Q: 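There's a structure below that I have some questions on.
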Amino acid sequence: MAASRRIFTQLRNSTTLLTKNVPTSGSRRGAAVLYAAGAVGAITGLVYARRRRGEATIQVGLPVVMAKEEEEKRKFWQRAPPQHKMSDRERRFREFSSVEYKGQMYMTPRDFLESVTEERPRPRIGRRPLMDDDVSHMLKKTPSRHKGSTKFFRSMHEEGMISFTEYLFLLCILTKPHAGFNIAFNMFDTDGNQRVDKNEFMVLQEIFRKKNDKRKAKEEAEGVSAVQKYGRQKEAQLLADGNVQDTTLLVHLFGVKGTDDLNFQEFYKFMDNLQTEILELEFLEFARGMPTISEIEFAQILLRYTHLPDAAHDAIIERLKDRIPEEKGITFDQFKPFFQFLNNLDDFAIAMQMYTFANQPVEQAEFQRAVKVSTGIDLAPHVINTVFQIFDEDGDGKLSHKEFISVMKDRIHRGFRKKKAETYHGWEGYKTCLKDVVTA
């Protein structure tokens, strides 16, 4: 009864609100009462239906209720596509991108660095909208490639913008061995003149656009939202028309006017600087201003982004503490070559297969030789010993290289690797890598 009285009071207030300003003369007053009665009947049905569904009673007047319902509908249609419809990389780009320009999301250089070194984005409320003057200011501050360094992204901080397709390109760079840089360059150099200009570089976006076109039939079947498809179609149209928004990366590589081009050495330097900058960032996070990191910290960095269960991860750390009780430390000059070697895991795996076919155990000397032969990289003996203590479960001095390779593939792909390990070789392999980056 108390609930009914509250409902009746709300309905009476709604009626009063509708009729209090209506003139009291005859027909107008009667019409207003009829309209009010109709409104009362409608909202009574709404309240009754909500009661039947177990929902809370409406606590506001009729006009406010209607406005609230319309607002909820508007928010529903503008809501982001369901996360399970997005790839892992699309979802991560959305999570970390902090700026927006002309309806498109962008990462700042800081966002990009955090996306590849942190598990979650820093706390923020919404995305910062950029005005034309903001973008113009950012692009003017972008240094030319001749001033590129291993601190390029850190120095730009939040004064830059990176598109989604550029984000995918940068992620692909992080997993490429140095030997693959030449393949990447030749892929962009469509006219074979050993130089890449801005239009040739945009072939990358065209590859992604074509991949998106192939998605359309699948999207229709899966019910991907109209909002997401509209965004993709808009981006594809911009690329087709040649009307591509300048970004920090495009201005850095091709100049403010977009008329510069770059040779292989400049392209190589940019890719190597990016890899080094990410490794420096991870090393310095643990070094905290010191010249070395501990073996435990090395293991923590190494096991980042892997799919090991927590119990297995903790067991490795405890085992390492027991086997290397006295810290010797690992310098950045020892740290960097090992993680560059990880980008050559496919070649290293071939060398390891030879030991498997010969039924020979893989000890530290064999491991070091296989790395040198397959990648040309010399690893510090102390680093190799630390790796063996991490992966040698029974302490017999031998490495289970299959498990090592599997876990390390998760590491270099920073948690984005598909369940089935993929192998990429040559030109076609690099294009496959780019396409898989889009869909992973």
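No experiment lies behind these values; they were computed from the predicted model shown.
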Q: Would you say the side chain of Gln104 lies within less than 4.5 Å of the side chain of Met161, judging by non-hydrogen atoms?
A: no
Q: Scan the side chains in residues 372-380 for donor-acceptor partners under 3.5 Å anywhere in the protein, sequence neighbours excluded, and list what turns up.
A:
residue: Lys372; atom: NZ; partner: Asp378; partner atom: OD2; Å: 3.3
residue: Ser374; atom: OG; partner: Ala370; partner atom: O; Å: 2.6
residue: Thr375; atom: OG1; partner: Val371; partner atom: O; Å: 2.6
residue: Thr375; atom: OG1; partner: Ile377; partner atom: N; Å: 3.2

Q: Who passes side chain to side chain donor-acceptor pair (under 3.5 Å) against Lys398, sequence neighbours left out?
A: none
Q: Could you tell me whether Asp272 and Lys269 make a salt bridge, using a distance below 4.0 angstrom between a side-chain N and a carboxylate O?
A: no
Q: Nearest 0.5 Å please: distance from the CZ atom of Arg120 over to the CD atom of Glu95.
A: 8.0 Å
Q: With sequence neighbours excluded, tell me which residues meet side chain to side chain donor-acceptor pair (under 3.5 Å) with Asp333.
A: none
Q: Say whether, by atom type as modelled, one donor and one acceptor occur between the side chain of Asn193 and the main chain of Asp189 under 3.5 angstrom.
A: no
Q: Backbone N or O of Ala365 within a donor-acceptor pair of the Gln368 side chain at under 3.5 Å?
A: no
Q: I need the minimum non-hydrogen distance between Val196 and Phe201, along with the two atoms involved.
A: CG1-N, 4.0 Å
Q: For the CD1 atom of Ile162 and the CG atom of Leu250, what is their distance to the nearest 0.5 Å?
A: 11.0 Å
Q: Any chance CG of Asp310 has more than 12 other-residue heavy atoms, nucleotides or ligands included, within less than 6.0 Å?
A: no
Q: Do Ile384 and Phe338 pass the side chain to side chain contact (heavy atoms under 4.5 Å, CB included) test, and can you show the C-alpha distance, the side-chain angles, and the key distance before you say yes or no?
A: CA-CA 9 Å; Ile384 295 177; Phe338 180 81; over 6 Å; no
Q: Apply side chain to side chain contact (heavy atoms under 4.5 Å, CB included) to the pair Val256 and Leu139, showing each step before the final yes or no.
A: CA-CA 7 Å; Val256 176; Leu139 298 181; over 6 Å; no
Q: State the CG-CE distance between Leu342 and Met408, to the nearest 0.5 angstrom.
A: 6.5 Å
Q: Tell me whether Ser155 contacts the main-chain N or O of Lys151 through its side chain, where contact means a donor paired with an acceptor under 3.5 Å.
A: yes
Q: Under 30°, 30 to 60°, or over 60°: which ring-plane class applies to Phe298 and Phe339, parallel, tilted or perpendicular?
A: perpendicular
Q: So how far is it from Met138 CE to Met156 CE, rounded to the nearest 0.5 Å?
A: 8.0 Å
Q: Determine the minimum heavy-atom distance between Leu253 and Arg145, stating which atoms define it.
A: O-NH1, 2.7 Å
Q: Quick one: closest heavy-atom pair of Leu345 and Lys409, and the distance?
A: CD1-N, 3.8 Å
Q: Tell me whether Ser115 contacts the main-chain N or O of Phe112 through its side chain, where contact means a donor paired with an acceptor under 3.5 Å.
A: yes
Q: Assess whether atom CG of Asp396 is packed by more than 12 heavy atoms of other residues, nucleotides or ligands within 6.0 Å.
A: yes
Q: Check whether any side-chain heavy atom of Leu168 sits under 4.5 Å from a side-chain heavy atom of Phe164, and report yes or no.
A: yes
Q: How far does OG1 of Thr248 sit from CE of Met107, to the nearest 0.5 angstrom?
A: 13.0 Å
Q: Whether Arg195 and Asp260 form a salt bridge (side-chain N of Lys/Arg under 4.0 Å from carboxylate O of Asp/Glu) is what I want to check.
A: no
Q: Mind checking whether Arg323 and Asp392 have side chains closer than 4.5 Å, heavy atoms only?
A: yes
Q: For residues Phe153 and Pro109, report the shortest heavy-atom separation together with the two atoms involved.
A: O-CB, 3.4 Å
Q: What are the two closest heavy atoms between Phe335 and Ile330, and how far apart are they?
A: N-CG2, 4.1 Å
Q: Tell me if a side-chain donor or acceptor on Glu200 pairs with a main-chain N or O of Asp191 at a distance below 3.5 Å.
A: yes
Q: Among Arg127, Arg94, Arg92, Arg122, find the one that has a salt bridge (charged side-chain N to carboxylate O under 4.0 Å, His left out) with Asp111.
A: Arg122
Q: Between Arg369 and Glu366, is the closest basic N to carboxylate O distance under 4.0 Å?
A: no
Q: According to the interplanar angle, ranging from 0 to 90°, do the rings of His252 and Phe270 count as parallel (below 30°), tilted (30 to 60°) or perpendicular (above 60°)?
A: tilted
Q: Return yes if some donor-acceptor pair links the side-chain N/O of Glu158 with the main-chain N/O of Arg110 below 3.5 Å, else return no.
A: no
Q: Checking Glu295 side chain against Lys328 main chain: does a donor-acceptor pair fall under 3.5 Å?
A: yes
Q: Flag the pair Phe348 / Phe367 as yes when their ring centroid distance falls below 6.0 Å, and as no otherwise.
A: yes
Q: Would you sort out whether Glu285 and Thr117 count as a side chain to side chain donor-acceptor pair (under 3.5 Å), showing the intermediate values?
A: CA-CA 10 Å; Glu285 177 187 349; Thr117 58; 5.7 Å; no
Q: Between Ile301 and Ile293, is any pair of side-chain heavy atoms under 4.5 Å apart?
A: yes
Q: Any side-chain heavy atom of Glu280 within less than 4.5 Å of one from Lys336?
A: no
Q: Can you find a heavy atom in the side chain of His313 that is under 4.5 Å from one in the side chain of Thr306?
A: no
Q: Can you confirm if the aromatic rings of Phe264 and Phe267 lie within a centre distance of less than 6.0 Å?
A: no
Q: For Val99, is there any backbone N or O sitting under 3.5 Å from a side-chain donor or acceptor partner on Arg128?
A: no
Q: Mind checking the CD1-CD1 spacing from Ile390 to Ile317? Nearest 0.5 Å is all I need.
A: 7.0 Å
Q: Could you tell me whether the side chain of Asp197 and the main chain of Asp261 form a donor-acceptor pair under 3.5 Å?
A: no
Q: On the 0 to 90° scale, with breaks at 30° and 60°, tag the Phe332-Phe283 ring pair as parallel, tilted or perpendicular.
A: perpendicular
Q: Check Gln245 against Tyr101 and note the closest heavy-atom contact, atom names and distance.
A: OE1-CE2, 3.4 Å
Q: Checking the side chain of Asn385 only, and the main-chain atoms of His382 only, is there a donor and an acceptor separated by less than 3.5 Å?
A: no
